[in-house]
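These notes are about the structure you will find just below.
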4 protein chains.
Amino acid sequence: MARKVGSIGAETADKVRLAALSLFARYGYAAVSMRQIGREIGLQAGAIYNHFPTKQHLLRGLMVEHMERLLNAWDAERDDSLPPREALVAFVRFHIRYHVKCGDEVFISYMELRNLEEENFSEIEELRRRYEQSLGRILEAGAREKVFTVSDPRVATMAVIAMLTGVTSWYRPDGRLSLEKIEELYVGMISGAVGMKEN
Amino acid sequence: MARKVGSIGAETADKVRLAALSLFARYGYAAVSMRQIGREIGLQAGAIYNHFPTKQHLLRGLMVEHMERLLNAWDAERDDSLPPREALVAFVRFHIRYHVKCGDEVFISYMELRNLEEENFSEIEELRRRYEQSLGRILEAGAREKVFTVSDPRVATMAVIAMLTGVTSWYRPDGRLSLEKIEELYVGMISGAVGMKEN
Amino acid sequence: MARKVGSIGAETADKVRLAALSLFARYGYAAVSMRQIGREIGLQAGAIYNHFPTKQHLLRGLMVEHMERLLNAWDAERDDSLPPREALVAFVRFHIRYHVKCGDEVFISYMELRNLEEENFSEIEELRRRYEQSLGRILEAGAREKVFTVSDPRVATMAVIAMLTGVTSWYRPDGRLSLEKIEELYVGMISGAVGMKEN
Amino acid sequence: MARKVGSIGAETADKVRLAALSLFARYGYAAVSMRQIGREIGLQAGAIYNHFPTKQHLLRGLMVEHMERLLNAWDAERDDSLPPREALVAFVRFHIRYHVKCGDEVFISYMELRNLEEENFSEIEELRRRYEQSLGRILEAGAREKVFTVSDPRVATMAVIAMLTGVTSWYRPDGRLSLEKIEELYVGMISGAVGMKEN
DNA sequence: AATGAATGAGAGTTCATTCAT
DNA sequence: TATGAATGAACTCTCATTCAT
């Protein structure tokens with residue numbers, strides 16, 4: 001549903017989120033002040049507190065929302081009936097495609113973990129674990145069915161995630177390679193890494 | 001008290017570096033104060049300035065020294081006469097072995113880049129580029145000689161580096177897997193990723 | 001506590017200016033801290049920054065405002081149609097009367113010049129030059145018309161200004177001499193110094 | 001007597017005094033640090049404490065020594081047998097000649113009074129009072145003998161001193177006017193100011 | 001007499017946060 | 001809901017001074 005007319009508050013909150021996201025990604029949570037966020041959107045620092053109780057809530061929100069959107073997007077796209085090979089390709093393509101679209105969110109979700117208070121940290125870690133488990137299950141299934149040669153699926157999961165997420169650190173929409181081409185390259189490399197049998 | 005017997009400047013500077021390294025890695029450069037660093041080693045914050053002109057110099061120093069040690073270590077170990085396959089295996093083993101030994105340095109060298117001032121950033125980036133080029137050259141040579149199947153060596157370089165460096169984020173000396181085993185696993189995955197021909 | 005009822009920004013800024021003026025005059029700009037200024041008026045040092053961006057701005061403001069008030073006051077009182085003798089008397093009386101009323105401003109405007117940053121210094125110097133030129137013109141006119149005997153009007157200008165401004169360093173409202181009497185004494189001495197012809 | 005060979009200490013103390021004098025005059029006592037003084041002469045700040053117990057002593061020393069040298073110089077030159085007119089001319093010439101030679105000393109002796117601790121302040125004030133009294137006595141004698149027309153010798157004393165000392169603020173050795181010419185101009189103006197009878 | 005390293009205080013300034021308006 | 005002004009704590013960095021060497 002579209003946002004109700006007159007619901008200015010939610011719009012402001014969104015502007016704050018957006019500004020914070022961009023600033024946190026660029027300079028880091030600790031180095032960005034509430035004043036800076038406010039300035040970015042023509043607001044006094046104090047006004048932000050009408051929308052977010054603390055700076056920490058703002059950070060937590062950005063990370064939780066990102067992780068939940070990611071999980072939802074993957075849930076919407078995943079097809080658990082696919083065999084491991086196809087499932088892995090789907091995951092790789094999804095991960096790259098989704099992550100390059102929200103580089104800032106990805107970046108802060110990795111970089112600012114240590115600035116989360118204990119409880120918030122656990123919450124995010126649990127969400128991340130759930131997402132990475134999607135890949136873990138695929139690799140395990142492939143190993144079980146002997147279509148992949150992964151002697152240690154847990155290590156393989158982390159290796160693949162690291163490799164994939166690395167894309168966000170250099171991808172540029174106007175870069176040398178199209179997104180499609182990049183996906184293809186990574187599908188190729190990861191297929192090789194997990195020893196995917198040709199058929 | 002003016003000076004503790006036996007405690008000389010270089011030792012203090014080292015203690016500062018060590019404390020800063022650990023704190024920066026744990027909480028982030030921006031979130032760590034000079035007081036905190038001092039407290040860690042029983043020093044007033046102001047005394048740190050006898051050894052480092054600014055907090056930024058301290059950070060730059062940690063990163064430059066790490067990168068230079070890394071480059072020197074690799075220069076000492078590399079053997080440019082090795083054929084691509086053996087060279088890649090050597091690089092993978094070296095990278096993992098070296099990086100897990102200095103997780104904090106690696107971590108801040110990636111995480112705190114944005115907290116470097118322009119000039120220092122360029123300096124570190126150049127050092128990193130030189131290191132990563134070592135891998136790049138191996139992959140290019142392998143591609144040229146058709147012993148690897150990498151359709152885009154530049155992307156492959158970044159993918160491999162990302163995968164490898166990811167190890168530092170979960171490796172524990174007392175973990176489930178020995179370092180030797182981990183190296184072996186990554187040699188396997190990366191060989192697959194670059195389509196290394198069996199012979 | 002957030003805001004005291006009835007206390008608005010402009011009032012606070014004025015209180016800060018007043019406190020700073022008095023403290024700078026008594027102890028010198030460099031020797032007065034923002035905390036000291038705040039303490040004087042029951043404010044945290046940080047709160048001063050809601051009204052003045054830096055300590056230097058605060059100083060510049062005090063000096064610029066003083067000089068502009070002085071120039072305006074003289075512009076309101078001067079009468080360019082007066083012949084040199086009467087004009088000089090008017091200037092002397094004005095200068096003394098105006099300056100003893102704002103001893104602190106006068107004091108810091110002379111004493112703190114070296115604590116002004118380059119640009120601010122030039123600005124103040126230009127204002128001072130304009131004011132002193134008023135006297136210079138009178139002396140030059142008098143010399144031209146041969147009603148004064150000043151062989152070097154530029155030196156005479158500086159001599160007269162120095163003599164006049166010296167009053168602020170010892171004048172006390174409850175002192176031995178009335179302001180009227182002091183003006184009279186200086187009119188006499190300065191008339192003599194410039195060799196004013198009796199008629 | 002010439003300084004003994006090997007008396008390095010006194011030479012260092014002199015270098016410190018010289019550096020401090022120049023820096024205090026340029027930037028003000030409060031704005032100059034012991035490190036800055038040391039740096040100027042290739043010394044660590046701590047070493048200064050081998051020669052002066054505190055920064056305050058250093059300042060006091062500079063001012064006391066200046067005032068005593070001034071008094072001694074005047075004592076050597078004064079001739080109490082001169083009649084008031086000649087005595088005034090002698091004083092004027094002496095004051096200008098002496099003061100332009102030590103602009104820094106004069107400057108800090110006026111500017112840094114407020115940075116002196118109570119006791120040191122009184123000491124300097126007393127020395128200054130003694131010097132200015134020299135002029136006061138001349139003016140009083142001249143008034144008594146009716147060779148000057150000064151209705152208030154105390155005010156006249158301050159006026160003349162202010163006028164004379166002002167010279168140091170603009171005099172440049174390579175300026176438009178020779179020192180001799182400047183002395184002459186001031187003798188003229190001051191003679192007029194005190195209503196000196198032609199004979 | 002000088003150095004280099006330290007202390008403890010304090011500088012100017014910024015911070016997250018609060019709250020009367 | 002936003003502002004502007006405030007708090008109190010914290011920041012990086014510099015200070016005068018001390019003292020073992």
Side-chain angles (χ1 to χ4, degrees), chain A residues 7-13 30-38 42-56 58, chain B residues 1-13 30-38 42-56 58, chain C residues 1-13 30-38 42-56 58, chain D residues 7-13 30-38 42-56 58:
Chain A
S7 155
I8 306 280
E11 277 172 25
T12 296
V32 170
S33 73
M34 297 299 263
R35 277 165 180 77
Q36 224 175 320
I37 297 170
L43 221 55
Q44 293 290 118
I48 298 175
Y49 289 84
N50 288 323
H51 305 278
F52 302 91
T54 68
K55 193 185 172 192
Q56 173 78 199
L58 188 42
Chain B
M1 186 173 23
R3 195 197 309 191
K4 290 193 201 102
V5 176
S7 118
I8 57 173
E11 278 173 26
T12 298
V32 171
S33 75
M34 296 301 261
R35 273 169 184 75
Q36 229 174 313
I37 296 170
L43 212 59
Q44 292 287 121
I48 297 175
Y49 290 84
N50 287 327
H51 306 280
F52 303 91
T54 67
K55 192 186 173 192
Q56 173 78 195
L58 188 43
Chain C
M1 185 172 24
R3 194 195 312 189
K4 292 195 200 100
V5 176
S7 119
I8 58 172
E11 279 174 25
T12 298
V32 171
S33 75
M34 296 301 263
R35 276 165 183 79
Q36 230 174 312
I37 297 171
L43 211 59
Q44 293 287 121
I48 297 175
Y49 289 84
N50 288 326
H51 306 280
F52 303 91
T54 66
K55 192 186 174 193
Q56 173 79 195
L58 187 43
Chain D
S7 157
I8 305 279
E11 277 172 26
T12 296
V32 170
S33 72
M34 296 299 263
R35 277 165 179 77
Q36 224 175 319
I37 297 169
L43 221 55
Q44 292 291 118
I48 298 175
Y49 288 85
N50 288 323
H51 306 278
F52 302 91
T54 68
K55 193 185 172 192
Q56 174 76 199
L58 188 42

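If you're wondering where the values come from, they're calculated on a predicted model, not measured in any experiment. Order of the sequence lines sets the chain letters (A, B, ...), proteins ahead of strands, with each chain counted from 1.
Spacing between atom CD1 of B:Ile37 and atom P of F:dA10 amounts to 16 Å, rounded to whole angstrom units. Atom CD in C:Gln56 sits roughly 15 Å away from atom C1' in E:dA11 (whole-Å rounding). As a whole-Å value, the separation of D:Lys55 NZ from F:dC15 P is 9 Å. With rounding to whole Å, D:Met34 atom CE is found 20 Å from E:dA9 atom P. Distance, C:Glu11 CD to F:dA5 P: 11 Å, rounded to whole Å.
A:Phe52 pairs by the side-chain contact (heavy atoms from CB on, under 4.5 Å) definition with A:Ala13, A:Val16, A:Arg17, A:Ile48, A:Leu58, not counting sequence neighbours. Residues passing the side-chain contact (heavy atoms from CB on, under 4.5 Å) test with A:Gln56 are A:Tyr29, A:Thr54, A:Leu116, A:Glu117, A:Asn120, sequence neighbours excluded. Legend: residues meeting side-chain contact (heavy atoms from CB on, under 4.5 Å) with A:Gln36, ordered by chain and number and at least two apart, are A:Leu23, A:Tyr27, A:Val32, A:Ser33, A:Arg39.
A donor N or O paired with an acceptor N or O is not found under 3.5 Å between the base of E:dG10 and the side-chain atoms of C:Arg35.
Between E:dA2 and D:Gln44, no contact under 4.0 Å exists linking OP1 or OP2 to a side-chain N or O. Applying the 4.0 Å criterion to OP1 and OP2 of F:dT1, one finds that A:Thr12 has every side-chain N and O outside that range. Dashed line: the shortest gap from a side-chain N or O of B:Ser33 to OP1 or OP2 of F:dA10 is not under 4.0 Å.
Of the residues in residues 46-53 of chain B, B:Gly46, B:Tyr49 come within less than 4.0 Å of DNA chain F through at least one heavy atom, sorted by number.
Along DNA chain F, the nucleotide nearest B:Gln36 and the nucleotide nearest D:Ala31 are compared for position; the residue whose nucleotide lies closer to the 5' end is B:Gln36.
Every stem involving DNA chain E, taken as at least 3 paired positions in a row under the Watson-Crick or G-U wobble test at 3.5 Å, is listed here: E:2-21 with F:2-21.
Note that CE of B:Met34 and CG of B:Leu43 are 10.0 Å apart. Values are rounded to the nearest 0.5 Å.
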